[in-house]
Amino acid sequence: MAKGVTLRDVAALAGVSSRTVSNVVNGYAPVSEAMRERVQRAVDELGYRPNVLARNLASGRSGQIAVVVPYLDTPYFAELLQGIIRAARVQGYNVLIDQTDGDAEHEKLFLSRGSQQLLFDGVIFSPLGLAQSDLAERDAGLPLVVLGERVSDGSFDHIGIDDVTASIEATEHLLGLGRRRVAAIGDQPYRTGEAAQLRTRGYRLAHERAGVPVREEYVISTPRFNRSDGANAMAHLLDLEEPPDAVFCYSDLVALGALHTLASRGLRVPEDVAIVGYDDIEDARYSNPPVTTVSPDKKMIAETAVERLLKRIGNSTPVPGMEIRAPHRLIPRASTMGRQAQASTAELGPSGGP
C-alpha cells in the first residue's frame with residue numbers, strides 16, 4: 001500500500017463517501033456494479049489496502065479464511081488455490097489451506113461447532129468424503145462456500161460448472177468427428193461420486209441425442225481422477241475385442257495417463273484414438289499432443305468464492321444461499337483435431353486463449 005493512503009483518500013478520488021468505499025472494500029452492503037468499478041479504480045490507482053489489523057480488532061475476527069480441498073497434488077486444485085489466495089489477499093485476508101485426502105471425519109471437523117477454534121472466519125470447501133446429506137449437519141453459524149457438486153440447502157453458497165452440459169459438449173465433439181466407439185474413463189458410481197456421475201450422465205445424453213448406443217464395456221470406473229487411473233483404464237479398453245476410437249476422460253490427469261498408455265502401445269493420437277480431458281490444467285496444454293479439454297473459468301470461481309464468503313463473514317444476519325454457475329468452454333486441441341489444431345494453439349496464452 002502506498003504510504004499514508006487512507007480510505008478518505010480513496011473516497012475523494014472516486015467522488016463518493018467513505019462509507020461507500022468501506023462497503024465496496026469490505027463487502028458489507030450491496031452497491032451497483034458501476035459504483036464498485038469506480039471505487040475499485042481509485043483503490044488500484046492509489047494502491048490502497050484495508051487496515052486489516054484495525055478491522056479485525058474491531059470485529060473480533062481472525063482475518064483468515066480456510067480453504068479445504070481433497071488433494072494438494074492435483075493441478076486443478078493447485079491452480080484454483082492460487083486464484084483464491086490472490087483474491088483474498090486483495091481484501092486483506094490470509095488463507096489457511098488444508099488437505100483432507102477425502103477423509104469424511106477430517107472434513108466434518110471443518111464444519112463442526114468447534115471449527116472456529118481453528119482460528120478462521122469462514123471456509124471455502126471442496127468436499128470429497130462427505131455426501132450432500134452430511135452438509136446439513138454442519139454448524140449453521142459458520143460462513144461457508146462450497147465448490148464442486150454439493151448443491152446449496154439455502155444456508156451456504158455453492159459454485160460450480162454445469163457438469164452435465166460440459167460433458168455433453170465433450171462427447172458431442174468426439175461424435176461430431178465421426179467417432180462411434182467413444183469410451184468414458186472416470187465414472188464413480190458410489191455415494192460421494194456426484195461429479196463423476198454427472199459427467200457420465202452427460203456422456204450418455206450425448207449418445208442418446210446422436211442416436212448412437214452406449215456400449216457399457218466402454219464406461220470405466222476409477223477410484224480417483226489421476227494419471228495411473230487413466231493409464232490402467234486405457235490399457236483395459238485397448239485389450240477389448242473392439243477397442244474404442246475415442247475417449248472422454250473425466251480429468252486432464254486421466255487423459256495424460258491414457259496418452260501414456262496409447263504411446264506405449266504404439267498408437268497415434270488422434271489418428272487411432274482421439275482424447276478429450278477436463279479441467280484445462282497447464283500440464284495438458286504442454287503434453288504431446290496437447291489435450292482437448294473442458295475449461296472451467298477457475299478465475300471466476302476463485303474470485304466469486306472469496307467475494308461470497310467475505311459477504312457472509314461481514315454480515316451479522318444470515319445471507320441467503322446462492323447457486324452460482326461458473327462458465328466453461330470446450331477448447332479443441334491436437335488430441336482430437338490433429339496437427340492443424342496443435343499449430344493454431346501454439347500461440348495461445350497460458351489460459352488456452354489469447
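If you read the sequence from its start, that first residue is 1, and numbering goes on from there. The structure presented is a predicted model; accordingly, all values stated were derived computationally and were not measured.
Between Tyr218 and Val182 the shortest side-chain heavy-atom distance does not fall below 4.5 Å. Within the 4.5 Å cutoff, the side chain of Val247 has no heavy atoms near those of the Val276 side chain. Side chains of Leu144 and Phe125 form a contact here, defined as non-hydrogen atoms less than 4.5 Å apart. Looking at Val10 and Leu13, their side chains never come closer than 4.5 Å, going by heavy atoms from C-beta outward. Side-chain atoms of Arg333 and Pro289, non-hydrogen and from C-beta on, never get closer than 4.5 Å to each other. Looking only at side-chain heavy atoms (C-beta outward), Val95 and Phe120 stay at 4.5 Å or farther from each other. Taking the side chain as every heavy atom from C-beta outward, Ile220 and Asp187 never approach each other to under 4.5 Å. When side chains are defined from C-beta on, Thr292 counts as touching Leu330, because their heavy atoms get closer than 4.5 Å.
For the side chain to side chain donor-acceptor pair (under 3.5 Å) test, residues two or more places apart in sequence or in another chain that qualify with Thr20 are Ser17. Asp9 meets the salt bridge (charged side-chain N to carboxylate O under 4.0 Å, His left out) test with no other residue; sequence neighbours excluded. Checked against ring-ring contact (aromatic ring centres under 6.0 Å, His included), His236 has no partners two or more places apart in sequence or in another chain. Listed by chain and residue number, nothing satisfies the salt bridge (charged side-chain N to carboxylate O under 4.0 Å, His left out) test with Glu241 (two or more places apart in sequence, or in another chain). The salt bridge (charged side-chain N to carboxylate O under 4.0 Å, His left out) test applied to Arg179 returns no partner, not counting sequence neighbours. In terms of the side chain to side chain donor-acceptor pair (under 3.5 Å) criterion, Arg181 has no residue partners (sequence neighbours excluded). The ring-ring contact (aromatic ring centres under 6.0 Å, His included) search around Tyr203 returns His207, not counting sequence neighbours. Under the salt bridge (charged side-chain N to carboxylate O under 4.0 Å, His left out) criterion, Arg8 pairs with no residue, sequence neighbours left out. With sequence neighbours excluded, no residue satisfies side chain to side chain donor-acceptor pair (under 3.5 Å) with His260.
Transitive grouping of hydrophobic side chains (ILVMFWY, heavy atoms separated by less than 4.5 Å) brings Tyr278 and Val219 into a common cluster. In terms of hydrophobic clustering, with Ile, Leu, Val, Met, Phe, Trp and Tyr side chains grouped at heavy-atom distances under 4.5 Å, Phe77 and Val294 are assigned to a common cluster. A continuous path of Ile, Leu, Val, Met, Phe, Trp and Tyr side chains, each step under 4.5 Å between heavy atoms, connects Tyr76 with Val67, placing both in one hydrophobic cluster. At a threshold of 4.5 Å between side-chain heavy atoms, the hydrophobic network of Ile, Leu, Val, Met, Phe, Trp and Tyr places Tyr71 and Phe110 in two separate groups.
Considering all non-hydrogen atoms of both residues, Asp121 and Gly63 come closest at OD2-N, 2.9 Å. Heavy atoms only, all atoms of each residue included: Val145 and Leu309 are closest at CG2-N, 3.7 Å. The two residues Val39 and Ala14 come nearest to each other via the heavy atoms CA-CB, 4.3 Å. When every heavy atom of Val291 is checked against every heavy atom of Ser335, the shortest pair comes out as CA-OG, 3.4 Å. Among all heavy-atom pairs drawn from Ala326 and Ile301, the shortest one is CB-CG1, 3.5 Å. Listed here is the closest heavy atom pair of Thr222 and Gly186: OG1-CA, 3.4 Å.
For residues 77-87, the salt bridge (Lys or Arg N to Asp or Glu O under 4.0 Å) pairs, not counting sequence neighbours, are Glu79-Lys298. Screening residues 244-254 for side-chain hydrogen bond (donor to acceptor under 3.5 Å, both in side chains) gives Thr200-Tyr250, Asp252-Thr293 as the qualifying pairs, with residues at least two apart or on separate chains. The list of salt bridge (Lys or Arg N to Asp or Glu O under 4.0 Å) pairs with a residue in residues 161-173, not counting sequence neighbours, reads Asp163-Arg199, Glu172-Arg209.
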Evaluation steps, side chain to side chain contact (heavy atoms under 4.5 Å, CB included), between Val214 and Glu208: CA-CA 8 Å; Val214 170; Glu208 182 179 323; over 6 Å; no
List the steps and the verdict of side chain to side chain contact (heavy atoms under 4.5 Å, CB included) for Ile275 and Phe248. CA-CA 6 Å; Ile275 298 289; Phe248 169 36; over 6 Å; no
Using the rule given for side chain to side chain contact (heavy atoms under 4.5 Å, CB included), can you reason through Leu259 versus Thr261, listing the C-alpha separation, both sets of side-chain angles and the distance that settles it, and then say yes or no? CA-CA 5 Å; Leu259 286 177; Thr261 295; over 6 Å; no
Could you walk me through whether His106 and Asp101 pass side chain to side chain contact (heavy atoms under 4.5 Å, CB included), step by step? CA-CA 9 Å; His106 191 80; Asp101 294 311; over 6 Å; no
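Looking at Glu107, its side chain does come within 3.5 Å of a backbone N or O of Gly129 through a donor-acceptor pair. The main-chain N or O of Arg268 is found under 3.5 Å from a side-chain atom of Asp272 such that the two form a donor-acceptor pair. One N or O on the side chain of Asp157 and one on the backbone of Met322 form a donor-acceptor pair closer than 3.5 Å. Counting only distance, with no hydrogens or angles, the side chain of Gln197 and the backbone of Tyr190 share a donor-acceptor pair below 3.5 Å.
Salt-bridge formation is detected for the pair Asp239/Arg265: a Lys NZ or Arg NE/NH1/NH2 atom is positioned less than 4.0 Å from an Asp or Glu carboxylate oxygen. A salt bridge links Asp283 to Arg227: at least one charged side-chain nitrogen sits closer than 4.0 Å to a carboxylate oxygen. Salt-bridge formation is detected for the pair Arg204/Glu216: a Lys NZ or Arg NE/NH1/NH2 atom is positioned less than 4.0 Å from an Asp or Glu carboxylate oxygen.
Side-chain contact check for His328 and Asp280: no donor-acceptor pair (N or O, by modelled atom type) lies under 3.5 Å. A donor atom on one side chain and an acceptor atom on the other are not found under 3.5 Å apart for Asn315 and Thr317.
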